[in-house]
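These notes are about the structure you will find just below.
Keep in mind that this is a model prediction, so the values were computed, not measured.
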Amino acid sequence: MEGRGNIYQSVIFAAQKHLEETGRLPSDPGELARYVEANEDEISSMFSSTEELHEGLVYHAVTLLNDALRQGVIAANTSDPIEQMHSIAHSYLDWAESNPTLFRFLVDGLNGPIRPGGTLHRYASSMRDLYHRKLTEAQRLGILSEDTDIDISTMMLHCLVKGGNMMFLTRSTDPWFDGDTRSTRELAERIFAKFMDNLVRANAPTAKEKA
């Protein structure tokens with residue numbers, strides 16, 4: 001017999017499939033029961049509301065994304081925090097391109113009210129801390145000057161990522177991109193690379209600091 005954990009995963013995958021096919025989460029257990037080998041009572045015992053199902057799918061998406069980002073960090077030079085940030089961005093864009101439905105689901109959630117203590121809140125906080133930690137490390141290693149405002153630089157990165165997210169979601173209706181034949185993935189990667197290059201150049205240590 002399928003264990004409760006396996007049924008839970010089956011329900012989450014069923015919710016993802018429903019989202020991919022309809023653009024929305026199911027409104028009641030009956031809709032999900034058609035996608036999974038579980039009855040309505042079993043589904044209701046795990047997810048008593050659409051909100052609980054939403055949180056379960058968010059957790060599923062964030063787990064997959066974090067796994068991808070972790071691989072990006074592992075693949076990068078551990079002694080170079082800037083290279084690591086480029087690798088993280090590359091992994092993030094890979095995941096966004098490969099998982100468009102879950103990516104849109106997460107971005108929609110991140111652009112709305114974020115419930116304190118929820119999965120999205122923890123994810124957003126962890127990304128903020130990651131950016132801040134990597135930039136602080138770059139400053140400690142002398143890649144960035146001693147007077148670099150790490151807090152502002154971190155916030156700039158946050159704004160850049162939010163804008164990049166919206167490129168994926170709204171490019172088809174955004175006249176700013178009319179006539180540009182490059183893929184959204186290529187544009188996002190180039191913009192991030194240019195931003196990081198400019199950030200490092202603008203905050204390069206002075207000759208006195210290098211001495």
Item to check | Pairwise distance OH(Tyr8) to NE2(His60) - rounded to 0.5 angstrom | outcome: 10.0 Å
Item to check | Working for side chain to side chain contact (heavy atoms under 4.5 Å, CB included), residues Leu157 and Phe195 | outcome: CA-CA 9 Å; Leu157 267 170; Phe195 173 85; 3.6 Å; yes
Checklist entry - Taking all non-hydrogen atoms of both residues, which atom of Lys134 and which atom of Pro81 are closest, and how far apart? => result O-CB, 3.4 Å
Checklist entry - Is the closest basic N to carboxylate O distance between Arg185 and Glu189 below 4.0 Å? => result yes
Item to check | Glu52 (side chain) donor-acceptor with Ser48 (main chain) under 3.5 angstrom | outcome: yes
Checklist entry - For Leu199, does its backbone N or O pair with a side-chain atom of Asn203 as donor and acceptor, under 3.5 Å? => result yes
Next on the checklist: Would you compute the distance between atom CD1 of Ile114 and atom OG1 of Thr119 and round it to the nearest 0.5 angstrom?
Outcome noted: 11.5 Å
Item to check | Residues Thr170, Thr173; criterion side chain to side chain donor-acceptor pair (under 3.5 Å); working and verdict | outcome: CA-CA 6 Å; Thr170 66; Thr173 59; 5.4 Å; no
Item to check | Within 6.0 Å of CD in Glu20, more than 12 heavy atoms from elsewhere | outcome: yes
Next on the checklist: Heavy-atom count check: over 12 atoms from other residues, nucleotides or ligands less than 6.0 Å from Arg24 CZ?
Outcome noted: yes
Next on the checklist: I'd like to check Arg122 versus Ser125 (side-chain heavy atoms, cut-off strictly below 4.5 Å). Are they in contact?
Outcome noted: no
Item to check | NE2-CD distance between His86 and Glu83, expressed to the nearest 0.5 angstrom | outcome: 8.5 Å
Next on the checklist: Is there a path of hydrophobic side-chain contacts, each under 4.5 Å between heavy atoms of I/L/V/M/F/W/Y residues, joining Leu141 to Ile82?
Outcome noted: yes
Checklist entry - Can you name the side-chain hydrogen bond (donor to acceptor under 3.5 Å, both in side chains) partners of Arg182, sequence neighbours left out? => result Asp180
Item to check | Shortest non-hydrogen contact from Gln139 toward Ile150 | outcome: OE1-CG1, 3.6 Å
Checklist outcome for this item: Taking every heavy atom of Pro26 against every heavy atom of Leu32, the minimum-distance pair comes out as CG-CG, 3.5 Å
Item to check | Linked, directly or transitively: Phe13 and Leu106 (ILVMFWY side chains, under 4.5 Å) | outcome: no
Next on the checklist: I need the Leu25 CG to Glu51 CD distance, nearest 0.5 Å.
Outcome noted: 10.0 Å
Checklist entry - Ile74 and Met85: same hydrophobic cluster, using ILVMFWY side-chain contacts below 4.5 Å? => result no
Checklist entry - Could you walk me through whether Lys17 and Glu21 pass the salt bridge (Lys or Arg N to Asp or Glu O under 4.0 Å) check? => result CA-CA 6 Å; Lys17 183 176 178 61; Glu21 293 182 355; 3.0 Å; yes
Item to check | Side-chain heavy atoms of Thr184 within contact of Phe177, under 4.5 Å | outcome: no
Checklist outcome for this item: Correct closest heavy-atom pair for Phe47 and Gly56 would be CE2-CA, 4.4 Å
Checklist entry - Is Ile43 close to Ile7 at the side-chain level, that is, under 4.5 Å between some pair of heavy atoms? => result no
Item to check | Single-linkage hydrophobic cluster, 4.5 Å side-chain cutoff, Tyr59 and Leu64 together | outcome: no
Item to check | Common cluster, Met156/Leu130, ILVMFWY with side-chain heavy-atom separation under 4.5 Å | outcome: yes
Checklist entry - Can you tell if the side chain of Arg115 reaches within under 4.5 Å of the side chain of Leu120, non-hydrogen atoms only? => result no
Next on the checklist: Could you walk me through whether Thr206 and Ser145 satisfy the side chain to side chain contact (heavy atoms under 4.5 Å, CB included) test, starting with their C-alpha distance in whole Å, then the side-chain angles of each, then the deciding distance to 0.1 Å, before giving a yes or no?
Outcome noted: CA-CA 7 Å; Thr206 63; Ser145 67; 5.7 Å; no
Item to check | Ser87 side chain vs Gly72 backbone, donor-acceptor pair below 3.5 Å | outcome: yes
Next on the checklist: Quick check for you: to the nearest 0.5 Å, what is the distance between Ser172 atom OG and Met167 atom CE?
Outcome noted: 12.0 Å
Checklist entry - Could you walk me through whether Phe103 and Asn165 pass the side chain to side chain contact (heavy atoms under 4.5 Å, CB included) check? => result CA-CA 9 Å; Phe103 179 72; Asn165 288 345; 3.4 Å; yes
Checklist entry - Under 4.5 Å between any side-chain heavy atoms of Asp151 and His132, yes or no? => result yes
Checklist entry - Salt bridge check: are Asp174 and Arg171 linked by an N-O gap of less than 4.0 Å? => result no
Checklist entry - Taking all atoms of both residues into account, what is the closest heavy-atom pair of Met166 and Asn111, and its distance? => result SD-ND2, 3.2 Å
Next on the checklist: With a 3.5 Å distance limit and no angle check, can you tell me whether Ser153 reaches the backbone of Asp149 through a side-chain donor-acceptor pair?
Outcome noted: yes
Next on the checklist: Could you check whether any side-chain heavy atom of Leu69 comes within less than 4.5 Å of a side-chain heavy atom of Trp95, counting everything from C-beta outward?
Outcome noted: no
Checklist entry - Looking at side-chain heavy atoms only, is the closest gap between Arg140 and Thr136 below 4.5 Å? => result no
Item to check | Pair Lys162-Leu110, side chain to side chain contact (heavy atoms under 4.5 Å, CB included): steps then yes or no | outcome: CA-CA 9 Å; Lys162 290 202 78 164; Leu110 290 168; 5.7 Å; no
Checklist entry - Quick check, are the ring centers of Phe192 and His90 under 6.0 angstrom apart? => result no
Checklist entry - Shortest non-hydrogen contact from Phe168 to Ala188? => result CE1-CB, 4.2 Å
Checklist entry - Rounded to the nearest 0.5 Å, how far does CZ of Arg104 lie from CG of Leu102? => result 12.5 Å
